[in-house]
Each structure stands twice: as C-alpha cells, then as structure tokens.
**Q** 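First the structure, which I've put down as structure tokens, then a few questions once you've had a look.
Every number for a ligand or one of its atoms is a count from 1 in the order of the listing.
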Amino acid sequence: MELPVDAARISRELDTLAGFTDDPAPAVTRVVYTPTDLKARAYVRALLREAGLTLREDGLGNLFARWEGARPELSAVATGSHLDAIPHAGRFDGTVGVLGALEAFRALRAAGFVPLRPLELVVFTSEEPTRFGVGCLGSRALAGVLTPEQLAALRDADGVSVPEAARAAGFTAPLEAVALRAGHFHAFVELHIEQGPQLEAAGVPIGVVTAIAAPATLHLTLTGSGGHAGAVLMRGRRDALLAAAEVALAVEAAALATEDPDTVATVGILDVHPRAVNAIPNRAFLTVDARDTHEGRRDALVARIRADVQEVAERRGVAAEVVLVNADPPAACDPALVAAAERAAAAAGLPSQRLVSRAYHDTLFMARVCRVGMVFIPSQGGVSHRPDEYSSPQEVAQGVEVLARTLAALASE
Ligand code: HGY
Ligand code: MN
Ligand code: MN
Ligand code: MN
C-alpha cells in the first residue's frame with residue numbers, strides 16, 4: 001500500500017502547536033490545564049474534527065478521537081501521546097505521537113484503507129509531572145492506577161487538587177468513569193521521539209521499543225536551624241542546603257555504584273528557604289527521579305538513597321522527611337506488536353532496531369489495559385526536554401509511515 005504521508009503538513013502543524021507556549025520560542029512550556037494547554041488542545045481538537053473523527057473527552061480531559069471500523073463492536077486499536085510539555089522543553093516530545101497519529105490516519109484514509117476494527121487516537125492529560133508531581137496522570141487514571149480519591153489528594157504548589165483543576169479547565173465528566181476495563185483496547189502503539197542518542201548513533205531511522213524503564217520519584221525535605229549568616233559560628237550550624245548538597249552527590253554516587261548504564265538518578269529540583277543572602281538555609285526541598293530497566297535494581301537504588309539521606313541527616317543534625325511519590329514497575333512491549341512494527345518498517349523500506357525506552361511514556365500505563373508497542377524516531381544529538389530538541393521532517397514522516405502501517409495491520413486482525 002502506497003501511503004501519502006504529507007511531511008510538510010505535519011511539520012507546519014508541529015510548528016503551529018509549538019506556538020502555544022508560556023516561554024518564548026524555541027522553548028515550549030505547556031503545563032497541564034493552563035490557558036496555553038487549553039489553547040493547544042482546542043487547536044488539536046479542530047484538526048481531529050476536520051479529519052472526520054468523532055471526539056469524546058473524559059473527566060480529566062483525556063481526549064479520544066475515533067475512526068469507526070467496519071466492525072464497530074470490535075475493540076479498537078489505539079494510538080496517541082501527550083501535548084503537555086515541561087518548562088523550557090522542545091516541540092517534539094509527545095506532539096509527534098499526537099499529530100503523527102493524525103497524519104497516519106489521514107494517510108491511511110487517502111490510501112483507501114478501511115479498518116476492520118475502529119481506530120482511536122488518544123491525547124493523554126498531564127504526561128509530565130510538572131504541576132502535580134506525578135507523571136502520566138491521565139494514563140494512570142485510564143489504567144485504574146490512580147483512583148478519583150488519589151487524584152483528589154494530588155495538589156499543585158497552590159494547593160489546587162487534580163479534580164479541582166480539571167473542573168476549572170472545563171472537564172466535568174465523572175472521574176469514576178475514567179478507568180478503562182482491561183481489554184477495552186485491542187492494542188496500543190505510541191509514536192515518540194527517542195529522547196536519547198542511540199538511533200542517531202546507529203544511523204537507524206526507526207526504533208522499536210521492547211521495554212520501558214521503571215521510574216520512581218522521591219520528595220525530600222531537610223530541616224535545619226537556620227539563623228543569621230554573620231552571627232552564627234560555623235561550628236554547630238545545621239545548614240539544610242549543605243545537607244541537601246551532600247544528598248544530591250550521594251544520589252549520583254548511588255546510581256553510578258550499580259555500574260549498569262541503565263541505572264539513572266537525577267536531582268531536578270532544589271528549593272532553599274528562606275533563600276536570603278544573609279540567612280543560613282533552614283529548609284531544603286529536593287526531588288529525586290530514579291529509574292532502571294530492572295525493577296529490583298531500581299528498588300535497591302531507592303533503598304540506598306533513603307539510607308544515605310538518613311546518614312547525612314543524622315551527621316548534620318537536620319530532620320529529613322522522605323516521601324516516595326511513585327515507584328512503578330517497568331513495562332514490556334508485546335512481542336507480536338514488536339514484530340508488527342518491524343514488519344511495518346521493512347514494508348516502508350526502513351531499517352529498524354530494537355531498544356529500551358529509558359524515558360517513561362503513557363504506554364507504560366496503557367500496558368495495564370492492553371498489549372502495547374512503541375515506535376521511536378531519532379532525536380538529534382540525543383537531546384530532549386530542551387528547546388533544541390529536534391527531529392527532521394523526514395524522520396517524523398518516516399515514523400508516521402511506520403506507525404500507519406503498524407496500525408493498519410492491527411486494525412485488520
Ligand atoms: O520523564 C519522562 O520520562 C517523560 O518524558 N515524562
Ligand atoms: Mn517528556
Ligand atoms: Mn513524552
Ligand atoms: Mn510520554
């Protein structure tokens with residue numbers, strides 16, 4: 001089947017979407033339920049309607065765009081990704097999987113393909129942890145991993161809960177109806193940028209994901225005694241920032257200590273209170289993002305970090321509060337979907353290689369609902385979560401074609 005993927009059109013649409021940002025280009029900042037997020041959603045909803053898809057939104061704002069199949073009673077084949085972006089991010093993370101899926105649908109329709117099973121394009125709410133501290137809120141709720149009560153307990157920096165923010169954004173459907181029953185979808189395949197260097201280094205245009213690493217997040221609050229920067233002598237200070245500094249270095253050492261490249265840990269946020277030039281920090285808040293493809297090794301890493309925090313706190317006389325925000329299992333992509341994506345790449349005349357995703361994705365939680373697969377395209381320089389994130393129009397179009405062929409095969413079975 002000849003697939004007329006319009007590379008110029010998807011490139012234009014990605015550029016337009018990148019224009020919905022709260023920081024100046026080339027950065028993209030688009031935090032869930034903000035006016036900017038809602039404008040981006042409205043833009044994508046219009047494109048989906050224009051393409052003749054039937055839309056529905058759930059109580060969190062997860063958006064489902066349906067292309068009816070010849071057998072509407074069969075469970076749908078789903079694809080999709082996210083539109084939200086962390087502060088000062090790039091324009092391809094998530095958006096390639098949304099607009100790329102739309103372009104895949106348009107190319108299949110233009111080629112005269114008629115799906116047996118319905119196809120659904122899903123735009124997941126809040127894949128990034130920026131506002132509520134936990135990533136993949138929408139897909140966790142769809143998978144039943146986050147209940148309405150747990151969503152109500154998640155609050156942003158202003159104390160606004162997820163349900164309050166969703167309602168304020170205009171999503172009023174009941175949260176009890178969000179969770180999908182297992183088997184609701186026949187299969188789910190996400191197109192995404194690799195966000196790492198492997199495909200570019202190998203000179204391979206298509207990645208077929210076999211597994212998604214297991215993420216965990218810790219929030220640490222260290223409390224010392226603070227005081228006057230001039231009057232309090234060095235001996236006996238209980239400086240929360242210096243304790244946090246030791247903890248941050250201990251986090252790095254703990255990840256390196258496993259001597260496996262798949263173990264990673266990052267302190268991404270460090271806030272200091274009262275943040276005054278002449279006051280000894282009496283409180284430090286830091287986040288730890290710890291991941292590994294091997295769940296046992298990830299759990300051992302978290303345990304070691306907890307022990308290091310206690311050791312530093314005792315030695316420096318500071319109080320330590322450790323909150324484990326999430327510790328999720330890894331996900332394996334279904335071998336049949338891996339094979340389908342590899343066949344699709346071959347049919348498109350494109351080399352592909354298997355790899356593990358170290359970044360997490362909504363696919364990590366869709367794996368609790370149905371069989372999953374992922375198709376990656378290269379990230380220039382392996383860069384992501386930065387304004388200079390880049391994949392070429394040709395790389396995007398190649399990913400779209402492989403996604404389209406994979407979806408066509410799954411929707412015909
Ligand atoms: O952090 C991640 O892995 C994803 O990009 N939110
Ligand atoms: Mn991301
Ligand atoms: Mn992403
Ligand atoms: Mn994702």
**Q** Any idea which N/O/S atom from Glu128 gets closest to the Mn ion (ligand 2)?
**A**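 Nearest N/O/S atom: OE2.
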**Q** Is the Phe171 ring parallel, tilted or perpendicular to the Tyr33 ring (thresholds 30°, 60°)?
**A**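 Geometry flag for Tyr33 against Phe171: tilted rings.
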**Q** Quick one: does Leu60's side chain get under 4.5 Å of Val162's, heavy atoms only?
**A** yes
**Q** Would you say Gln380 and Glu395 make side-chain contact, with heavy atoms under 4.5 Å?
**A** no
**Q** Does any N, O or S atom of His361, backbone or side chain, fall under 2.8 Å from the Mn ion (ligand 3)?
**A** no
**Q** For the backbone of Ala214 and the side chain of Arg291, can you confirm whether one donor and one acceptor N or O come within less than 3.5 Å of each other?
**A**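 Judged by distance alone, no pair lies under 3.5 Å.
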**Q** Decide, yes or no, whether a salt bridge links Glu128 with Arg30 under the criterion of side-chain N to carboxylate O below 4.0 Å.
**A** no
**Q** When you measure from the side chain of Thr363 to the backbone N and O of Met366, does any donor-acceptor pair fall under 3.5 Å?
**A**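 No; judged by distance alone, with no hydrogens or angles, the pair does not exist.
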**Q** Should the proximity of Glu128 to ligand 1, defined as any heavy atom under 4.0 Å, be assigned to the side chain, the backbone, both, or neither?
**A**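 Only the side chain of Glu128 comes within reach of ligand 1.
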**Q** What atoms of ligand 1 come within less than 4.0 Å of a heavy atom belonging to Ala359?
**A**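 Contacts of ligand 1 toward Ala359, numbered from 1: 3 (O).
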**Q** Among the N/O/S atoms of His82, which is closest to the Mn ion (ligand 3)? Give the atom name.
**A** NE2
**Q** Of all the N, O or S atoms in Asp93, which one sits nearest to the Mn ion (ligand 2)?
**A** OD2
**Q** Are any of the N/O atoms on Arg358, whether in the backbone or the side chain, positioned under 3.5 angstrom from an N/O atom of ligand 1?
**A**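 Checking ligand 1 against Arg358, no N or O pair falls under 3.5 Å apart.
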**Q** Hey, is Arg291 one of the residues with a heavy atom under 4.0 angstrom from ligand 1?
**A**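 Within the 4.0 Å threshold, so yes.
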